[in-house]
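This one's a predicted model, so the numbers in the text were calculated from it and none came from an experiment. For the single chain, residues carry numbers from 1 onward in sequence order.
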Amino acid sequence: YSAESTQSTWGRGLVRQRVFKHKHESETGRTSAISEQLMGFDSTGRVVNYAELHHAAEAGPVRHPISSQQLAEKSAKILTFYDLAGHERYLKTTVQGMTGGMPDYACIVISANNGIQRMTREHLGLCLALKIPFFVVITRIDMCPDVVTKNTTENIVKLLKHPGVSKLPFMVRKHEDVVICAKNIKDDRIAPVFHVSNVSGENFELVRQFLNLLPIRRDWFAAGQKPTEVVIDSTFYVAGVGTVVGGIIHGGSVRPNDTLLLGPNSNGHFRPVVVKSVHVKQCLVNVAEAGTAACFALKKERRSDIRKGMVMLDAKSKPQAVWEFEAEVVVLYHSTTIQSNYQPVLHCGTVRQSCAIQLVDRDLLRTGDKAKVKFRFMYKPEYLTVGSKLIFREGRTKGLGTITAIFHG
């Protein structure tokens, strides 16, 4: 966004203030909460996020951000960006965003003068674990000597070619490179690398072209034929409206006055709720399809009764909450050994809760080991499906897996 503004950023973080949600983020310069931003393209590939306003006192037009409603009306294609935390302290928020946000692609931003940090490797590992194709953007090339930028680039190339990553780095320098990368990134074999400056706007046009050409990775049309499933990732109260929940529609569609099953609560029960209205990109709509991030106003519901990780399902379905499930896992890192009754925090979609582990086919696990493991939630049941990807962590310990079986009751 920064290069779209006529004043750019001046290198002082002017534009990033729009991304921050909390006062301490502005003070420290560190993102601690998931922030959602939109970028719209018209049919010619031009960014429509800004409107030109003419002021008599100023020479030339001044560009101002437009509202989400105007953006939705003007755009032929809209991209949603989730700004995730880079600091180690907020890693759980980053994992939540990558598992619950269902991103098509990830953008790993690396400062040219700081180079690859430990958290860079952590985030790269998350992309690989969740099989999310990614591209790399190297920033601050305006303030960094060429020799330092070159050294950082060489280190990134070396990291991407590492046997554990096995990506083909592709330096994007012209429009033809953008087209090649956009066509092939979906296969998760190449990793495009951009060099940009937020101050001068250098090479930002290449990034914009690339973003406009990126294809959708999932078949949402097929998902739209399935029963309704909405995974809740946020809740809030709006004066005069009542309780509003936000989330991504994984299947089917939602219309105003639809009756859905909301749950599970702490007892594992689902209850019917009525959707009063549906908003997408802050615009009131008559229907929201699969693949859409939407907000739903619910009739006569208390916000305190709803939490992240709950789902809204088709009223005809007969969902059951899950206390125990089995998964095939691999341990990415652990300083010693994992044994039965080990209690990490589990991330699966928007579900985040401590679990106790029972080893099924072996006595202990070390870094790199694969095994069949039984998980049991510590505090309340959740709604899970077979085939879902999961990540478990505790301190610097990390593992990933796929749910293979669910035990009801």
Side-chain angles (χ1 to χ4, degrees), residues 34 92-93 95-97 99-102 223 226-237 242-254 258-276 278 288 290 292-327 343-358 373-393 401-409:
I34 299 170
K92 69 174 184 180
T93 306
V95 175
Q96 179 90 6
T99 55
M102 295 184 71
K226 296 177 181 178
T228 302
E229 181 183 337
V230 181
V231 177
I232 295 172
D233 58 24
S234 60
T235 65
F236 40 97
Y237 181 83
T243 300
V244 176
V245 298
I248 296 174
I249 304 173
H250 286 209
S253 59
V254 181
D258 277 0
T259 299
L260 301 173
L261 293 177
L262 172 70
N265 60 15
S266 56
N267 298 319
H269 297 144
F270 290 77
R271 64 182 185 279
V273 293
V274 178
V275 178
K276 282 198 294 187
V278 183
T292 306
C295 290
F296 311 92
L298 304 181
K299 277 186 185 176
K300 297 177 181 176
E301 286 292 328
R302 290 186 302 180
R303 183 188 175 191
S304 58
D305 294 338
I306 305 171
R307 58 181 172 80
K308 290 180 186 178
M310 291 176 99
V311 293
M312 295 194 298
L313 303 171
D314 191 279
K316 295 176 184 175
S317 63
K318 295 179 180 177
Q320 288 183 284
V322 176
W323 275 106
E324 284 191 10
F325 63 93
E326 200 170 74
Q343 295 179 4
V345 175
L346 177 118
H347 293 263
C348 183
T350 55
V351 171
R352 182 174 72 191
Q353 192 184 150
S354 294
C355 287
I357 281 180
Q358 293 294 327
V373 171
K374 190 180 281 187
F375 290 85
R376 180 174 176 81
F377 288 118
M378 299 292 295
Y379 304 109
K380 49 188 172 283
E382 304 282 4
Y383 178 79
L384 299 175
T385 54
V386 173
S388 299
K389 292 273 190 294
L390 61 87
I391 290 178
F392 59 90
R393 60 171 190 84
T402 305
I403 298 175
T404 55
I406 285 171
F407 308 110
H408 296 293

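We find the CG-CD distance between L346 and E382 to be 9.0 Å, quoted to the nearest 0.5 Å. Atom OG1 in T385 sits 11.0 Å away from atom CZ in F325 (nearest 0.5 Å). Rounding to the nearest 0.5 Å gives a distance of 13.0 Å between CD of Q320 and CG of L384. The distance from atom CZ of F377 to atom CD of E324, rounded to the nearest 0.5 Å, is 10.5 Å. In this structure, C348 SG and I391 CD1 are separated by 9.5 Å, a value rounded to the nearest 0.5 Å. Note: M310 CE to L261 CG = 11.5 Å, rounded to the nearest 0.5 Å.
A donor-acceptor pair under 3.5 Å is formed between the side chain of Q353 and the backbone N or O of Y379. Panel note: side chain R303, backbone T235; a donor-acceptor pair is recorded below 3.5 Å. For N265 (side chain) and N267 (main-chain N/O), a donor-acceptor pair under 3.5 Å exists by modelled atom type. In this structure a side-chain-to-backbone donor-acceptor pair under 3.5 Å is present from T99 to V95.
Nearest approach of I249 to G252, heavy atoms of both residues: CG2-O, 3.8 Å. Here the closest heavy-atom approach between residue V351 and residue G309 is recorded as CG2-O, 4.1 Å. Minimum interatomic distance between V386 and I406 (heavy atoms only, all atoms of both residues): N-CD1, 3.7 Å. Considering all non-hydrogen atoms of both residues, G100 and T350 come closest at CA-CG2, 3.9 Å. Of all the heavy atoms in F375 and F392, the pair that sits closest is CZ-CD2, 4.0 Å. Heavy atoms only, all atoms of each residue included: E301 and P272 are closest at OE2-O, 4.4 Å.
Between T243 and I306 the shortest side-chain heavy-atom distance falls below 4.5 Å. With contacts defined as side-chain heavy-atom distances shorter than 4.5 Å, the pair V244/L298 does not qualify. Inter-residue side-chain proximity for T259 and V273 is flagged as unmet; no heavy-atom pair is nearer than 4.5 Å. Contact annotation: the side chain of R352 approaches that of V345 to within less than 4.5 Å [non-hydrogen atoms, C-beta and beyond]. Residues V254 and V278 have side chains in contact (heavy-atom distance under 4.5 Å, counting atoms from C-beta outward). Contact of the S388 side chain with the T402 side chain is not registered, since no non-hydrogen atoms from C-beta on lie closer than 4.5 Å.
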Q: Could you walk me through whether M312 and E229 pass side-chain contact (heavy atoms from CB on, under 4.5 Å), step by step?
A: CA-CA 6 Å; M312 295 194 298; E229 181 183 337; over 6 Å; no

Q. What do the steps show when you test C295 against F236 for side-chain contact (heavy atoms from CB on, under 4.5 Å), and what is the final call?
A. CA-CA 10 Å; C295 290; F236 40 97; 3.9 Å; yes

Q. Would H250 and K226 satisfy side-chain contact (heavy atoms from CB on, under 4.5 Å), going step by step from the backbone distance to the final call?
A. CA-CA 9 Å; H250 286 209; K226 296 177 181 178; over 6 Å; no

(Q) Go through it in stages, so that I can follow the logic: the residues are E326 and R376, the test is salt bridge (charged side-chain N to carboxylate O under 4.0 Å, His left out), and I'd like the CA-CA distance, side-chain angles, deciding distance and then a yes or no. (A) CA-CA 9 Å; E326 200 170 74; R376 180 174 176 81; over 6 Å; no

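Taking the six-membered ring where the residue is Trp, Y383 and F270 present perpendicular rings, their angle passing 60° and hence far from 30°.
Within 6.0 Å of NZ in K308 there are 12 or fewer heavy atoms belonging to other residues, nucleotides or ligands.
Partner of L262 under the side-chain contact (heavy atoms from CB on, under 4.5 Å) criterion, out of V230, V311, L313, I232: I232 alone.
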